[in-house]
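Everything below concerns the one structure shown next.
Note that the structure is a prediction, hence the values are computed from the model and not measured. We name chains A, B, ... by the order of the sequence lines, and we start the count at 1 in each one. For the numbers below, each heavy atom of this structure counts, side chains included, while hydrogens, waters and symmetry mates do not.
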Amino acid sequence: MGNSLVAYPTSRPVLRGVGSGNTPRLLNYASCERVFNPSLNGKPVVVLSNNDGSIIARSNEAKALGISMGQPYYQAKKTIDEHGVKVFSSNYELYGDMSNRMMTVLSSLAPESEIYSIDECFLGFSGFEESRLPDHAHLIRERTLKWTGIPVSIGLAPTKTLAKAVNKVAKKNEGIKLIRTSDEIDELLEKYPVEDLWGIGRKYNKRLQEMGIKTALQFKGLPEGWVKKHMAISGLRLQYELKGISCIPLEKVSATKKAICTSRSFGQYVSTYKEMEEVVANFAFKCAEKARKENTVARAVTIFIHTNGFNTTLPQYSNSRTMRLPVATADTAEILHYVRLALRSIYRPGYAYKKAGVMLTGLHTKDAVQMDLFDSVDRNRQSFLMETIDEVNQKMGKKGVFDPPVKFALQTHLAEQKNWPMQRKFLSPCYTTRWESVLKAS
DNA sequence: TCTGGGGTCCTAGGACCC
DNA sequence: TCTGGGGTCCTAGGACCC
């Protein structure tokens with residue numbers, strides 16, 4: 001076969017389905033509304049953000065009227081009224097529900113799948129007979145439409161980045177497109193704007209444009225050293241992916257969240273401490289609730305408050321504060337306590353606040369929480385523990401058991417083996433690599 | 001008057017440990 | 001008392017994603 005698929009064993013065709021239209025997520029929201037109201041088909045539709053502040057979703061027809069994504073509602077209102085554009089407030093529950101249904105259908109039709117966002121997923125076809133893929137893609141498309149009412153487009157390619165790119169082309173054509181050979185890849189990349197690549201944002205694009213790099217193919221040809229220097233390891237990965245070398249693996253099991261955030265822009269300014277305290281308490285409550293739902297606990301909580309950055313005539317102030325929680329927790333009262341302390345330290349009176357938020361970080365699962373600290377073991381037992389640790393340290397040399405949490409973890413582990421009573425404490429996930437090597441040595 | 005709400009990953013630098 | 005190397009953790013900030 002002599003193409004890149006064979007040359008790199010990790011490469012495999014990846015299929016990606018998204019909502020039809022221009023910007024995937026946005027259109028999906030509009031598509032969702034259409035599923036329940038077919039009379040909207042062919043008509044311009046927009047979906048608004050929280051507070052109905054700005055436009056976060058447009059149908060193709062709305063886009064054709066020049067309504068842009070993220071545009072404030074009031075700016076687009078004239079066009080909207082003139083053309084009878086249908087306007088919806090966002091209904092995230094509905095979209096989440098539709099998304100689940102779509103994902104269920106999609107993942108049932110492929111050997112491997114990764115849900116990437118509310119309206120996108122990667123499907124892996126390792127072991128699948130390649131000649132059957134195009135037909136299979138058609139089947140996927142038909143079924144999703146029939147069973148959920150949502151149109152998807154599909155791009156097939158050796159890497160996730162390429163699949164995403166070719167999907168965009170598919171969307172504008174027949175809805176399905178496959179590329180395999182390096183010639184086909186280059187043909188796609190030559191016409192593909194570099195700024196549309198997955199991983200190229202505003203800043204990188206600006207820099208690349210200044211250098212005269214306009215197409216994805218030109219980017220692919222840049223020296224690796226330059227890419228590594230200016231765009232870090234993620235840039236290099238992107239470049240490899242364009243060469244057909246898969247660097248971003250399919251994540252089959254969804255990872256537990258590493259941060260949980262609740263934030264809002266306010267419909268009306270908040271300008272008293274009392275009001276702000278109520279608001280952030282509410283956010284803290286929601287965050288704690290989300291964390292418990294994920295069966296996870298947080299090691300720290302951050303709050304932030306901002307005035308309205310768009311209104312330059314008002315005095316500006318924004319600040320944030322992170323509080324470490326003494327014990328990792330998802331307990332509302334505990335988190336609330338520290339959120340209040342944090343707010344007290346950063347709140348300044350005399351400002352009109354427009355936005356605030358609470359974020360839980362250092363999340364890890366409750367089950368992993370475990371281990372450590374021996375409670376009231378007697379002296380003999382303690383010296384047994386110390387000696388064992390010394391032995392491990394000798395075995396491991398400089399990579400020995402030096403950090404207290406790892407020490408505690410080892411003590412607990414040893415005590416467990418001997419059925420000794422012990423007190424529970426935390427082993428933070430950042431110690432796990434180290435802990436694994438210690439386990440091996442012991 | 002009116003401008004979204006979530007997340008992720010990477011890097012550099014300082015504190016701290018043995 | 002002075003000194004260095006190897007290592008970890010944490011934080012802030014910047015970039016990106018949908």
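A straight line from CD1 of A:Ile56 to C1' of B:dG6 spans 11 Å, rounded to a whole angstrom. To the nearest angstrom, C1' of C:dA15 lies 13 Å from CG of A:Leu238. One interatomic measurement links the two molecules: CZ of A:Phe304 to P of B:dG7, which rounds to 11 Å at whole-angstrom precision. Rounded to a whole Å, the CG atom of A:Leu208 is 13 Å from the C1' atom of C:dA15. Distance A:Lys355 NZ to B:dG4 C1': 7 Å, rounded to the nearest Å. Distance A:Ile118 CD1 to B:dG7 C1': 13 Å, rounded to the nearest Å. Distance NZ (A:Lys229) to P (B:dA12): 12 Å, rounded to an integer number of Å. The separation between A:Leu197 atom CG and C:dC18 atom C1' is 16 Å, rounded to whole Å.
Candidate nucleotides C:dC10, B:dG6, B:dC9 were compared by shortest atom distance to the side chain of A:Arg237, and B:dC9 ranks first. Side chain of A:Lys228, nearest nucleotide from B:dT11, C:dC17, B:dT3: B:dT11. In the set B:dT11, B:dT8, C:dA15, C:dA15 carries the atom at the smallest distance from any side-chain atom of A:Lys203. For A:Arg324, the side-chain atoms get nearest to C:dT11 when compared with the rest of C:dT11, B:dC9, B:dG6. Checked against B:dG4, C:dC18, B:dG7, the side chain of A:Ile260 finds its nearest nucleotide in B:dG7. Taking every side-chain heavy atom of A:Ile233 into account, B:dC10 is the closest of C:dA15, B:dC10, C:dC17. Distances from the side chain of A:Asn50 to the nucleotides C:dC18, B:dG5, C:dC10 place B:dG5 closest. Closest to the side chain of A:Ala232, from the set C:dC18, C:dC10, B:dC10, is B:dC10. Nearest nucleotide to the side chain of A:Lys257, out of B:dT8, C:dC16, C:dC17: B:dT8.
Backbone-only engagement by A:Thr262 is indicated by non-hydrogen atom pairs under 4.0 Å involving sugar-phosphate atoms exclusively. In this structure, A:Arg207 reaches neither bases nor backbone, as no heavy-atom distance under 4.0 Å exists between it and the strands shown. Within 4.0 Å of A:Ile115, counting heavy atoms only, lies no atom of the nucleic acid at all. In this structure, A:Lys286 reaches neither bases nor backbone, as no heavy-atom distance under 4.0 Å exists between it and the strands shown. Looking at heavy-atom distances under 4.0 Å, A:Lys77 makes no contact with the nucleic acid at all. Using a 4.0 Å heavy-atom cutoff across all strands shown, A:Tyr269 reaches sugar-phosphate atoms only and no base atom. Note on A:Ile200: only backbone sugar-phosphate atoms sit closer than 4.0 angstrom, heavy atoms only; bases stay farther off. Residue contacts for A:Tyr73: at a heavy-atom cut-off of 4.0 Å it reaches no nucleic acid atom on any strand shown.
Residue A:Lys354 places none of its side-chain N or O atoms closer than 4.0 Å to OP1 or OP2 of B:dC2. Taking 4.0 angstrom as the limit, A:Ser117 places none of its side-chain polar atoms (N or O) nearer than this to OP1 or OP2 of C:dC17. OP1 or OP2 of B:dG6 sits under 4.0 Å from a side-chain N or O of A:Lys290. Phosphate proximity of B:dG4 to A:Ser265: present, with a side-chain N or O under 4.0 Å from OP1 or OP2.
No hydrogens or angles considered: nothing links the side chains of A:Ser49 and A:Asn51 as a donor-acceptor pair under 3.5 Å. A donor-acceptor contact under 3.5 angstrom links the side chains of A:Asn205 and A:Gln209, judged on distance only.
Using bins of under 30°, 30° to 60° and over 60° for the plane-to-plane angle, the ring pair A:His230/A:Trp226 lands in the tilted bin. Taking the six-membered ring where the residue is Trp, A:Tyr353 and A:Tyr347 present tilted rings, their angle falling between 30° and 60°.
To the nearest 0.5 angstrom, A:Tyr273 atom OH is 11.0 Å from A:Arg348 atom CZ.
In this structure the side chain of A:Tyr351 never reaches within 4.5 angstrom of the side chain of A:Ile305, judged on heavy atoms.
Put simply, the residue from A:Leu48, A:Ile55, A:Asn50 that forms a side chain to side chain contact (heavy atoms under 4.5 Å, CB included) with A:Asp52 is A:Leu48.
If you take atom C1' in C:dG4 and the same atom in B:dC16, they sit 16 Å apart, rounded to whole Å.
Nucleotide C:dT8 is matched to B:dA15 when pairs are restricted to Watson-Crick or G-U wobble geometry with both distances under 3.5 angstrom.
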